[in-house]
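FYI, side chains are in, hydrogens and waters are out, and symmetry mates aren't considered; it's all heavy atoms of this structure. As the structure is a prediction and not an experimental result, all values here were calculated from the model.
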Amino acid sequence: MDADVIVVGAGLAGLVATHELTRRGRRVALVDQENPANLGGQAFWSFGGLFLVDSPEQRRLNLSDSFDLAWRDWQGSAGWDRLEGRLAEDEWAVRWARAYVEFAAGEKRSWLKQHGISLTPMVGWAERGAGQAFGHGNSVPRFHVAWGTGTGVSEPFASRAREAAESARLTFHHRHRVDHLLVEGGRIAGVSGAVLAPDPAPRGAPSNRDVIGSFTLRAQAVVLASGGIGGDHGKVRRFWPERLGSPPRSMITGVPAYVDGRLLDIAGEAGARLVNRDRMWHYVEGVQNWAPVWPQHAIRILPGPSPLWLDALGRRLPAPALPGHDTMATLKHLRTTPDLAGHDHSWFIVSQKILEKEFALSGSEQNLDITERNLLKVLMSRLGKGAPPAVDAFKHKGADFVFADDLETLVARMNSLTERPLLDPALVRQQIEDRDAQMDNPYSKDFQIMSIHNSRRYLGDKLARTATPHRLLDPRAGPLIGVRLHVLTRKSLGGLQTDLSSQVLKADGTPFEGLYAAGEAAGFGGGGLHGYNALEGTFLGGCIFSGRAAGRALAGQV
């Protein structure tokens, strides 16, 4: 045996599983097709959001939360509908989801602290929902941001992996691409594949796929923590569900190119059960990165509730397709409305006042104040005057941003970003004036305006995420800014079906001896604990929870 356990994938889920194993004295071989600079995977690039329930941070902001409310929200959002029959695709997903919400309402915060992960005082209100008491959405803010953003979550485990390597409990196998799972006597006995040529590419940048050799590693068990399919648009289109209409002809990419989903198909060919592959989580507020690291590098705008959202033809999106409310409902509207299917973009129109208060950008590199844990910079950028530096840079350098002092000039500049002019200035003006007419009172019949007022009742949003209600055409709030939005590929919500110990199941539903899966490869647990909708802050937490389960289960067996 080359190790007790082989972990494939050096992202957060793989690092957590590795930590649970090495801290109990097990020998681990950590295999990854990228170089050492990529230790931490996608988590490193993330905003560092973590879903917690009834936390001290929530209580300090006068938020009342509970396991019962969170579990009700999760069920309403997941919408599991594959529960019948012996091989129901959602059977284990429901069990995983309940266990995860219990973790988020219980041990999770203390476990994070124990492992060196601290939280900012901010609690964001992501996925505010579809406007129903039992339906998609968070009833209260639950999006806790880690100090250090994604680096503050991934680096503690990356550091522990390096320490384990120094004490010979862990062996890194960088630039090793797994092409086969070794199956002997009906159980997994190891992996084999290609050794790739060295490549000094910086973190996240594409690397060569030149093969210079082959390898075989043997162990008592293998943990697949190799991620999803978001970096491969061909696979995204392959599994794009009919319920979401046609996939865009053009998309941009929210994950590095190495997020290619190869190991999912390889595991399936070896006999593992793959479920819910048509469930995916792609954002509709993507903009092209003016300083890209990977191909078609996308950044997501994390909007507050105030931007006016127009489709490609200049019509205001209907509720619940509103900023920050219901990602999948918005994607479905944009891809299934008959006269929109041929267009791959939509638009935000905001004032400078909204941009300064409400625009945040996803990613550790776009939030250096939090990534560098500089409290003074955080206070200045989030609560001070002007837009955060990263947002201001996109306004002036981003290919999808235009601005002007008057609406007609703005619309003309927006039309210049498309192959042909699709926006009618008169129609855009009429919709903005209709919206503006609703802004003079603390109540409204407009659903979005009601949401803005509701948001400002929450202290966290009033201070840092929701602009004082105002007319878009008020010159004192200008200039006006138009932002072209693209579909941004990101997460797979389905994957390898696993039991609560993260052991992979075979096609017949029985345990696959020696094979485990964690993180996105397992649909973050059970092959789909999110169901059809994510409540946000749940991806990193799902990697932690499922990686922890795999490591702990195997530590007691090998």
Exercise for the section: Measure from the side-chain N and O atoms of W309 to the backbone N and O of I349, and report whether any donor-acceptor pair falls under 3.5 Å. Expected result: no
Handout entry: Cationic N near anionic O, under 4.0 Å, R209 to E34
Key = yes
Problem - Donor-acceptor contact present, side-chain D326 to main-chain L322, <3.5 Å - result: no
Practice task
May I ask you to decide whether E358 forms a salt bridge with K353, counting only side-chain N to carboxylate O separations under 4.0 Å?
Solution key: no
Practice task
Please answer whether the main-chain N or O of F447 pairs with a side-chain N or O of S451 as donor and acceptor at a distance below 3.5 Å.
Solution key: no
Practice task
Please tell me if the side chains of K357 and S351 come closer than 4.5 Å, counting only heavy atoms from C-beta onward.
Solution key: no
Practice task
If the plane angle is over 60° it's perpendicular, under 30° parallel, otherwise tilted; pick one for F394 and F401.
Solution key: tilted
Handout entry: Flag, side chain of H470 to backbone of T468, donor-acceptor distance under 3.5 Å
Key = yes
Problem - Contact check, side chains of H396 and F403, non-hydrogen atoms, under 4.5 Å - result: yes
Problem - Pairing of D400 and R484 as salt bridge, 4.0 angstrom limit - result: yes
Handout entry: Pairs where residues 128-140 contributes a residue and the test salt bridge (Lys or Arg N to Asp or Glu O under 4.0 Å) is met, not counting sequence neighbours
Key = R128-D461
Practice task
Return each pair, listed once, that meets salt bridge (Lys or Arg N to Asp or Glu O under 4.0 Å) where at least one residue sits in residues 258-267; pairs must be two or more places apart or across chains.
Solution key: D179-R262, R238-D265, D265-R277
Exercise for the section: Using side chain to side chain donor-acceptor pair (under 3.5 Å) as the criterion, point out the one residue from T327, N138, N533 that pairs with E127. Expected result: T327
Problem - Any donor-acceptor N/O pair, D311 side chain to L334 backbone, under 3.5 Å - result: no
Practice task
Would you please name every residue forming a salt bridge (charged side-chain N to carboxylate O under 4.0 Å, His left out) with R237, sequence neighbours left out?
Solution key: none
Problem - Presence of salt bridge, D446 and R435, under 4.0 angstrom - result: no
Exercise for the section: Answer yes or no: is there a donor N or O on one side and an acceptor on the other, between the side chain of H282 and the main chain of V487, under 3.5 Å? Expected result: no
Practice task
Answer yes if the side chains of D90 and N276 hold a donor-acceptor pair under 3.5 Å, and no otherwise.
Solution key: yes
Practice task
May I ask you to decide if P305's main-chain N or O and Q448's side chain share a donor-acceptor pair within less than 3.5 Å?
Solution key: yes
Practice task
Can you spot which of C543, S492, S546 makes a side-chain contact (heavy atoms from CB on, under 4.5 Å) with F524?
Solution key: C543
Practice task
May I have all residue pairs that pass side-chain hydrogen bond (donor to acceptor under 3.5 Å, both in side chains) and include part of residues 416-428, sequence neighbours excluded?
Solution key: none
Problem - Name of the residue among W71, F539, W74 meeting ring pair (Phe, Tyr, Trp, His ring centres under 6.0 Å) with Y100 - result: W74
Problem - Any donor-acceptor pair under 3.5 Å from W281 side chain to T489 backbone - result: no
Problem - Summary of salt bridge (Lys or Arg N to Asp or Glu O under 4.0 Å) pairs that have at least one residue in residues 280-305, sequence neighbours excluded - result: E285-R300, R300-E536
Practice task
Not counting sequence neighbours, which residues clear salt bridge (charged side-chain N to carboxylate O under 4.0 Å, His left out) with K235? List them please.
Solution key: D232
